[in-house]
Amino acid sequence: MSLVIVGARGRMGHALQEAALSAGQTIVGLVDREEGSSDVSGVSVPVITDWHPVLKDGHTVIDFSAPAVTVAIAQAAASHRCPLVIGTTGIDAQGREAIQAASKVVPVVFAPNYSIGVSVLLEITERVAKVLNAQSYDAEIVEAHHHFKKDAPSGTALGLAQAVARGRAVDLETVACYGREGMVGARPQGEIGIHAVRGGDVVGDHVVSFYGEGERVELRHQATSRRTFAEGAVRAAGWLSGKAPGLYTMRHVLGFDPV
Ligand code: NAD
């Protein structure tokens with residue numbers, strides 16, 4: 001597999017290079033907004049700002065950069081027929097449309113979190129939310145990330161909230177509560193609370209709590225290294241090989257959903 005990594009000089013960009021090299025994959029392009037070179041595991045690879053020369057049929061693109069870049073890279077990957085793995089979070093509705101359009105032409109994996117543990121947590125959360133229902137249990141999601149993180153709440157927290165909503169067969173936007181402040185009154189039954197904490201070097205913590213009368217159930221995931229996301233994204237890139245155009249998630253990659 002030959003990989004092009006977009007956002008190569010970022011925190012995830014470095015972790016992706018390490019994960020790709022240790023999985024024996026070939027990196028054919030490193031892209032970021034500033035030129036330079038990247039030295040991972042003793043191998044120095046130039047970082048370029050224009051991705052067009054490195055996007056070729058047969059190369060797979062992994063993007064962990066910024067939402068505006070992701071929209072442009074989705075269009076470019078489609079026109080060069082490159083499968084695409086998108087890890088960037090904070091993508092708005094217009095960005096999601098661009099990703100949808102690209103997925104009509106090339107296979108795309110788009111996931112808010114590439115850790116295998118979080119994929120399992122998403123699966124479990126939906127099942128637990130079905131049993132610990134809105135009539136008897138209050139669902140609250142709390143996430144914590146490092147102080148550089150730009151978007152809030154995290155894409156993973158939103159994915160977990162959607163999993164609770166799916167388990168309870170409700171539309172998330174009609175029951176979501178993004179943080180609380182002031183005289184908010186009693187908690188409405190069925191509300192799904194979503195809260196973001198920022199500080200220090202936290203790689204990514206997520207807790208889904210179901211508060212009942214006399215008991216509390218907590219589902220918790222803590223990422224201690226970016227390597228877990230990088231390895232999942234490299235695995236997703238390998239999984240894309242030979243797949244038909246379409247929009248896939250880690251649920252497909254891990255076999256929770258049929259292709
Ligand atoms: P970062 O800020 O360390 O890295 C982002 C990189 O993108 C930087 O090197 C920056 O220069 C580059 N970039 C920005 N604008 C660019 C442009 N116009 N052209 C080319 N490169 C550009 O951030 P990070 O912590 O590596 O995270 C990157 C993204 O990945 C964020 O959206 C983050 O939320 C997301 N993320 C996703 C997962 C997941 O599993 N899906 C895990 C961790 C982080």
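In listed order, ligands and their atoms are each counted from 1. Predicted model, so just to flag it, every value in this text is computed and none were measured.
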For [atom], closest protein heavy-atom neighbour:
atom                    : result
atom 13 (N) of ligand 1 : D32 OD1, 3.9 Å
atom 19 (N) of ligand 1 : R33 CB, 3.7 Å
atom 30 (O) of ligand 1 : F64 CD2, 3.5 Å
atom 28 (C) of ligand 1 : S65 O, 3.5 Å
atom 3 (O) of ligand 1  : R11 N, 2.9 Å

* Quick one: which of H145, M250, R9, M12 has a heavy atom closest to atom 24 (P) of ligand 1? ->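 Heavy atom nearest to atom 24 (P) of ligand 1 belongs to M12.
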ask   = For R226 and ligand 1, does the shortest N/O to N/O distance drop below 3.5 Å?
value =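 R226 vs ligand 1: no N/O contact under 3.5 Å.
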Answer with side chain, backbone, both or neither: which part of [X] has a heavy atom less than 4.0 angstrom from an atom of ligand 1?
X    : result
F229 : side chain
A68  : neither
K149 : side chain
T89  : both

- When you check the gap from the basic side-chain N to the acidic O, do E18 and R226 get nearer than 4.0 Å?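 Looking at R226 together with E18, the answer is no, because their closest N to O distance does not fall below 4.0 Å.
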Give me the atom names and distance for the closest heavy-atom approach of A165 to I192.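 Between these two residues, the closest heavy atoms are N-CD1, 3.9 Å.
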Can you label the angle between the Y248 ring and the H252 ring as parallel, tilted or perpendicular, going by 30° and 60°?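 Geometry flag for H252 against Y248: perpendicular rings.
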Note to self: Using the ring centroid of each side chain, check whether H80 and H59 are separated by less than 6.0 Å.
What the structure shows: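 Distance test on ring centres: not under 6.0 Å, no.
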Knowing that exactly one of I99, L55, I86 qualifies, which makes a side chain to side chain contact (heavy atoms under 4.5 Å, CB included) with I73?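 Testing I73 for a side chain to side chain contact (heavy atoms under 4.5 Å, CB included) against I99, L55, I86 leaves exactly one candidate, L55.
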Please examine the side chains of I116 and M250, heavy atoms only from C-beta on, and report whether any two atoms are closer than 4.5 Å.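 Side chain of M250 against side chain of I116, heavy atoms only: contact under 4.5 Å found.
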